[in-house]
Amino acid sequence: MGGVPPRPREDPRPLKGVLRSFGYAWEGLAYAWRVQRNFRVEVALGLLALGLGLWLGVDLVPILLVAALVLSLELVNTALEALTDLVSPVYHPLAKRAKDTAAAAVFLASLFALGLGAYLFLPALWARLGLS
Ligand SMILES: Nc1ncnc2c1ncn2[C@@H]1O[C@H](COP(=O)(O)OP(=O)(O)OP(=O)(O)O)[C@@H](O)[C@H]1O
């Protein structure tokens with residue numbers, strides 16, 4: 001067998017342990033960035049929305065919150081995909097349910113982000129362009 005790295009022992013020094021946890025979280029982020037094109041697209045769209053929000057002078061808090069929601073759900077979706085592939089490398093209807101439902105969570109949050117973007121940006125954009 002082999003291939004499965006040993007589980008690291010918990011570091012008794014609190015700060016070291018916390019820093020190590022950040023390191024693992026960073027590895028997870030780097031993995032999602034590397035393998036998930038959707039994650040990269042969502043980061044780019046989030047930055048675009050922030051730039052647009054700054055330019056139009058709209059409230060950035062809802063934009064930051066919805067971007068955090070979409071990106072976090074995409075990370076959870078990526079984790080679930082990996083776990084599903086581990087426990088069910090061949091087709092199984094329950095594996096399909098798990099992957100499809102996790103994907104639906106990202107889809108729903110993305111639809112919400114789109115609606116929020118339209119609600120926040122369109123009136124400000126019309127005003128900026130002198131169309132309202
Ligand atoms: N082991 C499996 N058993 C049953 N259905 C599966 C299985 N693996 C994947 N699927 C089906 O194929 C779809 C695509 O799965 P895949 O693993 O390619 O993820 P994905 O949706 O392409 O994710 P991403 O594009 O974010 O990597 C799933 O949503 C599911 O419907």
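Whatever order the structure lists them in is the order used to number ligands and atoms, beginning at 1.
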**Request:** Could you name the option among E74, K96, R97 that has the heavy atom nearest to atom 5 (N) of ligand 1?
**Result:**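 Closest candidate by heavy-atom distance is K96.
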**Message:** My understanding is that we take every heavy atom of each candidate and find the minimum distance to atom 17 (O) of ligand 1. Doing that for K99, H92, E81, which one comes out nearest?
**Reply:** K99
**Complete:** Excluding L114, membership of its hydrophobic cluster (Ile, Leu, Val, Met, Phe, Trp, Tyr; side-chain heavy atoms within less than 4.5 Å) reads none
Which ligand 1 atoms does [X] reach within 4.0 Å, using its non-hydrogen atoms?
X    : answer
Q36  : 24 (P), 26 (O), 27 (O)
D100 : 28 (C), 29 (O), 30 (C), 31 (O)
A95  : 1 (N), 2 (C), 3 (N)

**Asked** What are the two closest heavy atoms between A105 and L73, and how far apart are they?
**Response**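 What the structure gives for the nearest pair is O-CD1, 3.6 Å.
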Is the shortest distance from [atom] to a protein heavy atom below 4.0 Å?
atom                    : result
atom 20 (P) of ligand 1 : yes
atom 14 (C) of ligand 1 : no
atom 28 (C) of ligand 1 : yes

**Asked** Could an N or O of ligand 1 be found under 3.5 Å from any N or O of Y91, whether backbone or side chain?
**Response** no
**Message:** Checking the N or O distance criterion of under 3.5 Å, is ligand 1 in contact with S88?
**Reply:** yes
**Message:** Other residues, nucleotides and ligands only: do more than 12 of their heavy atoms fall within 6.0 Å of CZ on F121?
**Reply:** yes
**Request:** Would you indicate whether F22, at its atom CZ, is surrounded by more than 12 heavy atoms from other residues, nucleotides or ligands within a distance under 6.0 Å?
**Result:** no
Joint hydrophobic cluster, [X] plus [Y], side-chain heavy atoms closer than 4.5 Å:
X   : Y    : value
L64 : W55  : yes
L56 : Y119 : yes
I63 : F112 : yes

**Request:** May I ask whether V90 places a heavy atom under 4.0 Å from ligand 1?
**Result:**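 Heavy atoms of V90 do come under 4.0 Å of ligand 1.
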**Asked** Is the closest heavy atom of A103 to ligand 1 under 4.0 Å?
**Response** no
**Asked** What residue pairs, at least two apart or across chains, pass salt bridge (charged side-chain N to carboxylate O under 4.0 Å, His left out) with a residue in residues 32-50?
**Response**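 Every candidate salt bridge (charged side-chain N to carboxylate O under 4.0 Å, His left out) pair involving residues 32-50 fails, so no pair, neighbours aside, qualifies.
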